[in-house]
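Beneath this line is the structure, given in structure tokens, with notes to follow.
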Amino acid sequence: MICKQNRTALPALRSCNTAGMLACIRSAAVYGIEASTVAIEVDVSFGLPGFTVVGLPDASVRESRDRIKSAIRNSGFTFPRHRIIVNLAPADVRKAGSSFDLPIALGVLAASGAITRRDVDDVLVLGELSLDGAIQPARGVLPVAAAARSRKFKGLLLPEGNSREAAVVEGLDFYPVRSLTEAVDAINRPNPVVLTSEQQGESTEALHGDFADVRGQLLARRALEIAAAGAHNVLLSGAPGSGKTMMARRTAGILPPLTFDEALEVTAIHSVAGLLPDGRGLVRARPFRAPHHTVSDIALVGGGSNPRPGEISLAHQGVLFLDEMPEFSRHVLEVLRQPLEDGMVRIARAQRTCEFPARFVLIGAMNPCPCGYRGHERRVCRCTPHQIAGYESRLSGPLRDRIDLTVGVSALPPAELTGDAAGESTAAIRVRVQEARARQQARLSATGVSVNARLAPRILRTVCALDAGASRLLATAAERLDLSARGYDRILRVSRTIADLAGQERVSADHVAEALQFR
Ligand SMILES: Nc1ncnc2c1ncn2[C@@H]1O[C@H](COP(=O)(O)OP(=O)(O)O)[C@@H](O)[C@H]1O
Ligand SMILES: [Mg+2]
């Protein structure tokens, strides 16, 4: 039936024998984790058959011409044998990716008459086409849906595979489609679908394991609880098999559940990276990312000509675990420093700069020496002092300065590993972490940060009210241990979090003493 419309429309175009027909469809370009709208104007006119795309399309957009042609033909429409010019406006926004396939194809069909409405300006359209006319899920649908809503569009025409993700945004008419034919139908006879997003996701501990599985290791567990409570970065140093990976993974679960806004931001990052779990709506679980030590700097911090988030942004609001931290290349560890400080990464490109949020708890793990058995009770270490020093120096001073807690982890004796004394559960620890975070938030509400780890030195002194004993202990420690200014601040920050876990407004000597253990 649609083909018939098509056939009747083309003669009309032919008969007018003038400049041709123009159509306009709206879509959006995603940059960083934000989307901006793009108008797709298609002009079909007489002249030598051709298909040109102008308006700063990158190679991937220009490439889509052949896909569009095949998809149109294989869906039973006629591809106009005329001169086709597609203009993507505004021309100064770089357009990348394959999600312009569908809006361009619809524009061509509208300009050639297969679609009865030529100006579809109240609906945003995106989707990638296969040669047979099927529509593939696209990256970054959540930011596009959010942009559609904030720019007051009425609807969103999108790949069906992205519906769960888009449904997170309320107040839009959704047209989820599986093929070009369905998309044409949705424009000709709009019949919006009510989408409901799945609000319940898998819990973080179901995903990453429960702390109840971890036996013993009281000191490391305590360090990770403090880290979660104040969002401090931690370094675990211990022999292979001592449970470092196991505990790091479970730390994501003791962080408080994501708020809706946090979940939205996390979902947007994963949406842009094309990593949303199949058909899933909002990401509800705190992320846990563990890139291998051979990771490149771009894969770690993000980048590329059309910038994509890296591992540190995929870990946003969760845990970034760097196992065998000294094995990471020096350069990769260096590029980590700025985001650790700022909580986000800024990627500068000639046209514009984009920012990806990257606020995570860093958990580094390392062996105590290259062979891994220094200080082991039952095994012998064969490393020379020179080798050990070389290994340790691979973590530069400035990087260590950003790690508030360091804890040694020793392998459990076999008897304890097989015993049946279960550890405290993730849920129980999370309650304490949540309470400690609530206290920090209440205290810091005026400072613009919400966790102790992010306190600037200037504010740190004013919010860490030390009692007399704590002041004395800290002064003695500073002298004996020859603490640097940064080292001193670290102890102060960690003491503050320990006091918050204890529910105390004043930092006492006990809290400082415990913080000193984790140097
Ligand atoms: N404290 C522990 N409690 C329970 N199991 C443990 C513990 N430590 C180690 N294991 C077991 O040993 C395995 C290896 O631990 P892993 O976390 O990979 O060690 P690491 O990262 O320190 O090399 C774990 O999968 C777990 O089965
Ligand atoms: Mg490990």
Side-chain angles (χ1 to χ4, degrees), residues 204 208-209 211 214 216-240 242-256 286-291 293 311-312 315-328 333 336-337 339-341 343 358-368 392 394-410 423-424 426 429-430 432-433 436-437 440 451-455 486-487 489-498 500-501 511 514-519:
T204 312
H208 303 307
F211 254 107
V214 180
Q217 303 297 12
L218 294 183
L219 195 63
R221 292 175 70 117
R222 176 68 179 162
L224 292 171
E225 177 175 335
I226 298 169
H232 303 283
N233 300 325
V234 204
L235 182 64
L236 303 175
S237 163
S242 54
K244 300 184 296 293
T245 303
M246 187 184 189
M247 288 187 281
R249 190 172 269 290
R250 282 157 179 76
T251 304
I254 59 173
L255 295 169
R286 294 262 177 186
F288 173 83
R289 304 290 301 184
H293 59 72
E311 289 290 336
I312 61 167
H316 179 57
Q317 300 292 7
V319 170
L320 178 73
F321 179 52
L322 302 183
D323 204 356
E324 317 258 2
M325 204 164 168
E327 304 291 337
F328 283 73
L333 291 178
L336 193 62
R337 274 170 48 192
L340 272 178
E341 196 88 324
R359 240 173 298 118
F360 49 85
V361 171
L362 170 70
I363 304 182
M366 64 186 283
N367 292 332
E392 284 180 341
R394 289 202 217 159
L395 299 186
S396 68
L399 186 62
R400 280 177 184 263
D401 276 344
R402 286 162 184 83
I403 297 177
D404 287 349
L405 299 146
T406 303
V407 61
V409 189
S410 41
E424 199 181 11
T426 289
I429 306 171
R430 191 169 52 218
R432 290 196 296 270
V433 169
R437 286 231 171 168
Q440 294 168 58
V451 284
N452 294 335
R454 304 222 150 263
L455 281 173
R486 275 180 182 268
D489 287 349
R490 272 202 303 277
I491 303 285
L492 212 51
R493 269 198 298 266
V494 173
S495 308
R496 178 64 269 171
T497 302
I498 293 171
D500 283 326
L501 275 168
H511 306 142
E514 189 178 0
L516 285 168
Q517 269 188 73
F518 295 118
R519 275 184 63 246

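Here the structure is a predicted model, which means the values were calculated and not measured.
- In this structure, V407 and L235 have side chains that are not in contact, with every pair of non-hydrogen atoms separated by 4.5 Å or more.
- Scored by the side chain to side chain donor-acceptor pair (under 3.5 Å) test, D489 finds R461 as partners (sequence neighbours excluded).
- Among residues two or more places apart in sequence or in another chain, the side chain to side chain contact (heavy atoms under 4.5 Å, CB included) test is passed with A436 by A229, Q440, D500, L501.
- Taking the side chain as every heavy atom from C-beta outward, V234 and L236 approach each other to under 4.5 Å.
- One distance of note links CZ of R402 with CG of L362; it measures 11.5 Å at 0.5 Å rounding.
- Between R493 atom CZ and I498 atom CD1 the span is 13.0 Å, to the nearest 0.5 Å.
- For the residue pair G253 and T426, the shortest heavy atom distance occurs at O-CG2, 3.3 Å.
- Two residues are said to be in side-chain contact when any heavy atoms from C-beta on lie closer than 4.5 Å; P256 and R286 meet this criterion.
- Here the closest non-hydrogen pair linking V451 and A231 is CG2-CB, 3.8 Å.
- Under the salt bridge (charged side-chain N to carboxylate O under 4.0 Å, His left out) criterion, R454 pairs with no residue at all, not counting sequence neighbours.
- Evaluation of the side chain to side chain donor-acceptor pair (under 3.5 Å) rule for R486 yields no partner, not counting sequence neighbours.
- Judged as a side chain to side chain contact (heavy atoms under 4.5 Å, CB included), and not counting sequence neighbours, the contacts of L516 are L473, A477, L481, I491, V512, R519.
- Classification of E392 and R400 as a salt-bridged pair fails, no side-chain N sitting under 4.0 Å from a carboxylate O.
- Aromatic rings from F360 and H316 are positioned such that their centres are separated by 6.0 Å or more.
- In terms of the salt bridge (charged side-chain N to carboxylate O under 4.0 Å, His left out) criterion, residue partners of R430 (sequence neighbours excluded) are, by chain and number, E205.
- Residue I226 holds its CD1 atom at 13.0 Å from CZ of R496, rounded to the nearest 0.5 Å.
- With sequence neighbours excluded, the residues forming a side chain to side chain donor-acceptor pair (under 3.5 Å) with H511 are S508, listed by chain and number.
- No side-chain donor-acceptor contact under 3.5 Å links D404 to the backbone of R490.
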Using atom types as modelled, flag every donor-acceptor pair under 3.5 Å from a side chain in residues 318-327 to any protein atom, sequence neighbours excluded.
| unit_1 | atom_1 | unit_2 | atom_2 | d |
| --- | --- | --- | --- | --- |
| D323 | OD2 | T245 | OG1 | 3.3 |

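- Ring-plane geometry between H293 and F328 is classed as perpendicular, the angle between the planes exceeding 60 degrees on a 0 to 90 degree scale with a lower cut at 30.
- Partners of R359 according to the side chain to side chain donor-acceptor pair (under 3.5 Å) rule, which considers only residues two or more places apart in sequence or in another chain, do not exist here.
- Side-chain contact between F288 and R250 is absent, with no heavy-atom pair separated by less than 4.5 Å.
- Residues V214 and M246 are in side-chain contact: their nearest non-hydrogen atoms beyond the backbone lie under 4.5 Å apart.
- Formation of a donor-acceptor pair under 3.5 Å by the E225 side chain with backbone atoms of A220 is not found in this model.
- Under the salt bridge (Lys or Arg N to Asp or Glu O under 4.0 Å) criterion, no residue pair touches residues 229-238, with sequence neighbours excluded.
- Under the side chain to side chain contact (heavy atoms under 4.5 Å, CB included) criterion, S237 pairs with M366, P368, sequence neighbours left out.
- Residues S242 and S410 share a closest heavy-atom pair of CB-C, 3.9 Å.
- In this structure a side-chain-to-backbone donor-acceptor pair under 3.5 Å is missing from K244 to V409.
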What do the steps show when you test L333 against R394 for side-chain contact (heavy atoms from CB on, under 4.5 Å), and what is the final call?
CA-CA 9 Å; L333 291 178; R394 289 202 217 159; 5.8 Å; no
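- Looking at heavy atoms from C-beta onward, E424 lies out of side-chain contact with F211 at the 4.5 angstrom threshold.
- To the nearest 0.5 Å, atom OG1 of residue T251 and atom CG of residue L224 are 4.0 Å apart.
- I254 contributes atom CD1, which lies 12.5 Å from atom NE2 of H208 (distance to the nearest 0.5 angstrom).
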